[in-house]
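Structure, as structure tokens:
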Amino acid sequence: GARLSADPRNRLFEEFARLASELNPECVLLENVRSLVTLYQGQFAKHVVELFASVGYTMYQQVVNAASYGVPQKRERVLFLGTRKERPFAFPAPTHGPNLLPFATVGQAILDLVGQEGSVPNHGAMEHSDIVKARYALIPEGGMLPPKDQLPIEIRRANFGNTYKRLHRDHPALTMVPGNNAFPIHPTLNRSLTPREAARIQSFPDTHEFVGDRRMQCKLVGNAVPPLLAQSIGRAILSHLRGEVSRDEASVPVEIGRSELPAGTSRNAKRSKKKSLLNASLQQLGPEGGFIDLFSGAGGVTLGLANAGWKPLLSVDNWEKAAKTHLHNFDEAPFLLGDLSRPNVLDEVCGRFADGSVGIVAGGPPCQGFSIFGQRRFVNTVGYDPQLDPRNKLVFAYIEVIKRLNPRWLILENVPGFASLDGGFFLQALLRELRSLGYPNAEARILNAADYGVPQLRRRLLVVGSRTGHVVPWPKRKYFSKPEDWQEGHRGVGEVLTGLANEESHSKFTCHVPMKHRENQVARYRFIPEGGTLNVTELPENLKKGYRTDVVKNYSHVFKRLHRDRPAPTMVPGHNAFPLHPWLDRALTVREAARIQTFPDAMEFLGARECQCIQVGNAYPPMLAELIGNNIRKAEDNDWFPGRVPASAYYSLLEEPTPHQLESLAAGSIEIES
């Protein structure tokens with residue numbers, strides 16, 4: 001699909017590894033799309049290998065084509081085989097292809113079903129419109145719909161996907177893609193394949209029935225591993241377990257050094273030194289493919305943009321404890337400990353890069369002094385110099401870095417309340433200044449992280465702009481608080497807290513030490529329902545009196561319990577400010593809060609617990625930063641300029657601007673979406 005590195009489903013293999021570490025099977029088998037090997041510099045494939053190696057498996061990896069094993073379909077997939085046995089393993093040798101058995105064909109698989117609609121399960125044809133049938137009639141066997149300008153006017157349309165591709169009876173099919181209309185066209189009939197025909201091409205027998213409506217049947221068929229391919233892999237695993245594979249015929253395992261294993265997933269997770277979380281291949285990029293992270297904190301934005309394929313050129317922060325965490329986890333990312341309000345630090349940052357050489361400058365400066373800074377419209381006046389106001393210096397520093405370095409893109413993050421401060425005047429002043437610096441399309445929106453797969457209701461103001469003329473590629477919302485039947489609901493915290501509730505997990509993961517609550521505090525926690533808050537009036541008399549107060553009061557998140565099926569509220573920094581675990585009578589650990597913030601388990605936070613909580617709570621969710629970085633890169637790679645963004649991008653990747661937003665931007669006014 002969109003192939004976004006920030007999709008939360010990309011991390012499901014981490015749960016697979018957790019189960020493998022607990023169930024301890026002799027072998028594990030993972031299958032995925034071929035592009036996993038190369039996508040985002042191969043970071044996902046590498047992570048799969050490292051993760052399973054860290055829990056005791058020797059890993060083998062190979063790309064296979066289902067057609068090579070008798071499946072009438074060219075379906076390439078990457079396979080990962082992990083074994084605890086100290087024996088050779090060999091992926092199955094192809095049986096079909098050049099100098100082997102001939103490839104199985106579409107005709108052999110499905111032509112006997114012509115005229116038999118309804119005679120076998122899942123073999124009902126779609127009722128296409130007359131226009132669609134007219135288009136199908138123009139597609140040659142094995143070909144595609146002719147170009148738009150060669151079609152009769154009344155049936156013209158652009159070709160995309162598999163919808164207007166006709167199979168050839170004498171060749172294997174292309175990959176069966178799930179979806180209601182995504183299956184290609186029958187070789188001899190002017191209609192798309194039925195689910196049963198697609199199932200045969202996937203090598204399913206007719207006795208295997210798919211349930212649900214047609215749309216669901218298509219998804220079930222298209223997502224499946226071809227049984228014939230699975231059979232071949234299964235036989236290879238059995239040969240391995242029986243010791244029947246010789247050294248000469250064995251596949252070569254993936255080499256991995258112990259120093260490359262990620263922290264937080266092995267049995268020795270709590271070591272003091274570890275490898276960088278960043279993909280080493282990013283170091284090959286020049287500054288034009290890189291970013292600067294101002295006010296970086298522990299590194300949420302650094303991690304997110306790096307995962308999206310941007311090279312970290314420099315991170316800057318003035319908090320020494322956060323700096324130690326940043327350097328510990330991203331040892332290959334340049335870091336500067338310093339106060340950006342000081343001219344010498346500002347000069348140091350800007351002096352490292354040539355004008356216009358940097359891809360992105362990102363940052364979340366404090367905004368306490370914006371009231372005066374905004375009113376003065378960034379201009380010195382009698383009796384007031386905004387650069388001398390200590391509350392404004394960091395905001396001015398961000399603007400000054402943009403002015404001096406002239407990056408292609410800017411990203412500014414802040415609290416949502418800034419958008420409405422004094423009727424939005426200060427945000428308008430900021431946007432006018434950025435536009436005057438060469439970013440005419442600078443836009444501001446309030447994004448809720450939960451709408452993008454983060455299991456947390458975290459609303460933040462984001463300002464994004466470019467000097468290149470590309471559209472601002474606001475990410476499309478994929479998760480909803482009140483989803484329709486075809487939409488995904490917000491992710492619940494239960495999805496990410498899995499595996500952290502048992503006592504054994506405390507020694508397996510860093511930053512996962514539960515607080516030692518007082519006995520009467522734990523007793524109060526037991527009165528709080530999942531997803532609810534403390535009702536003080538329901539407490540017995542002996543629990544109504546606090547340790548330091550005469551009357552217990554409910555405030556902040558201290559007496560609020562999360563619900564496993566719902567996103568968390570904003571993770572607020574502080575020693576006791578994290579809410580209660582959904583089903584345990586204690587506050588969240590730092591590791592649990594970090595997972596809710598979408599930090600990987602390999603990210604280790606240094607310092608005392610209170611310091612770790614502040615680092616986690618202050619961070620921008622890496623997954624959302626990664627999604628924004630993905631879209632910016634795609635905007636540049638695909639030349640997404642105004643009026644030139646394809647409909648398919650708005651369908652799957654981008655939030656399409658409303659007419660009012662376009663009018664507001666053209667007029668230089670502000671349109672805030674929350």
Side-chain angles (χ1 to χ4, degrees), residues 15 18 264 448-450 454-459 481 489-549 551-599 601 603 605 607-619 621:
E15 293 304 310
R18 180 186 64 81
N448 187 341
V454 179
Q456 180 186 185
L457 297 169
R458 190 182 188 95
R459 298 172 70 249
S481 59
H490 284 163
R491 297 176 68 210
V493 297
E495 290 186 33
V496 297
L497 298 184
T498 303
L500 294 178
N502 57 67
E503 292 188 3
E504 291 79 8
S505 68
H506 300 160
S507 61
K508 290 183 178 180
F509 297 90
T510 63
C511 311
H512 188 42
V513 180
M515 288 189 68
K516 296 185 181 298
H517 300 292
R518 295 179 182 275
E519 185 177 346
N520 59 351
Q521 191 82 320
V522 174
R524 293 188 192 102
Y525 290 164
R526 296 188 182 120
F527 283 86
I528 304 175
E530 185 169 354
T533 58
L534 178 65
N535 186 342
V536 178
T537 61
E538 294 182 354
L539 292 176
E541 291 299 322
N542 65 310
L543 295 180
K544 289 183 177 180
K545 185 176 181 179
Y547 173 66
R548 295 179 179 175
T549 60
V551 179
V552 171
K553 296 181 181 180
N554 188 15
Y555 62 93
S556 186
H557 298 302
V558 177
F559 291 113
K560 182 176 178 63
R561 188 185 293 279
L562 301 181
H563 195 293
R564 72 192 75 192
D565 296 329
R566 303 170 195 160
T570 300
M571 290 290 101
V572 178
H575 185 59
N576 291 320
F578 287 150
L580 301 184
H581 193 281
W583 60 88
L584 300 177
D585 293 319
R586 61 166 175 78
L588 295 178
T589 66
V590 173
R591 176 55 53 208
E592 289 164 337
R595 278 200 183 181
I596 290 172
Q597 277 276 60
T598 67
F599 279 103
D601 291 339
M603 179 81 178
F605 300 88
R609 177 192 166 88
E610 182 176 6
C611 175
Q612 294 176 17
C613 288
I614 294 174
Q615 292 175 53
V616 171
N618 278 342

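Remark: Asp585 pairs with Arg526, Arg561 by the salt bridge (Lys or Arg N to Asp or Glu O under 4.0 Å) rule, at least two apart or across chains. Under the rule for a side chain to side chain donor-acceptor pair (under 3.5 Å), Ser481 has no partner lying at least two apart in sequence or in another chain.
The shortest distance between side-chain heavy atoms of Ser507 and His512 does not fall below 4.5 Å. A 4.5 Å side-chain heavy-atom check between Leu534 and Leu539 finds at least one atom pair inside the cut-off. The closest side-chain heavy-atom distance from Thr598 to Pro455 is below 4.5 Å. Counting heavy atoms from C-beta on, the side chains of Asn535 and Phe527 never come closer than 4.5 Å. Inter-residue side-chain proximity for Val513 and His506 is flagged as unmet; no heavy-atom pair is nearer than 4.5 Å.
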**Study point:** Stepwise side chain to side chain contact (heavy atoms under 4.5 Å, CB included) check, Gln597 with Gln456
**Key:** CA-CA 7 Å; Gln597 277 276 60; Gln456 180 186 185; 2.9 Å; yes
Check your understanding: Between Asn502 and Ser505, does a side chain to side chain contact (heavy atoms under 4.5 Å, CB included) hold up when you go through it step by step?
Key -> CA-CA 6 Å; Asn502 57 67; Ser505 68; 3.5 Å; yes
Review point. Please walk me through it: do Arg595 and Phe509 pass side chain to side chain contact (heavy atoms under 4.5 Å, CB included)?
Key: CA-CA 12 Å; Arg595 278 200 183 181; Phe509 297 90; 3.7 Å; yes
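In this structure, Leu500 CG and Arg18 CZ are separated by 8.5 Å, a value rounded to the nearest 0.5 Å. A distance of 9.5 Å separates CG in Leu543 from CD in Glu519, rounded to the nearest 0.5 Å.
For the pairing with Cys511, the side chain to side chain contact (heavy atoms under 4.5 Å, CB included) check across Thr589, Val590, Asp601 returns one residue only, Val590. When each of Leu497, Val496, Val493 is checked for a side chain to side chain contact (heavy atoms under 4.5 Å, CB included) with Glu592, only Leu497 meets the rule.
Sorted by first then second residue, the salt bridge (Lys or Arg N to Asp or Glu O under 4.0 Å) pairs that include residues 492-503, not counting sequence neighbours, are Arg491-Glu495.
The two residues Leu562 and Pro569 have their closest heavy-atom pair at CD2-CD, 3.4 Å. Minimum interatomic distance between Met515 and Ala587 (heavy atoms only, all atoms of both residues): SD-CB, 4.5 Å. When every heavy atom of Ile596 is checked against every heavy atom of Ala568, the shortest pair comes out as CG2-CB, 4.0 Å. When all heavy atoms of Arg458 and Asn618 are compared, the pair lying nearest together is NH2-C, 4.1 Å. Across Pro514 and Arg586, no two heavy atoms sit closer than the pair CB-CD, 3.5 Å.
With Thr570 contributing its side chain and Leu457 its backbone, the two residues share a donor-acceptor pair below 3.5 Å.
Judged purely by distance below 3.5 Å, without hydrogens or angles, the side chains of Gln521 and Arg524 pair a donor atom with an acceptor atom.
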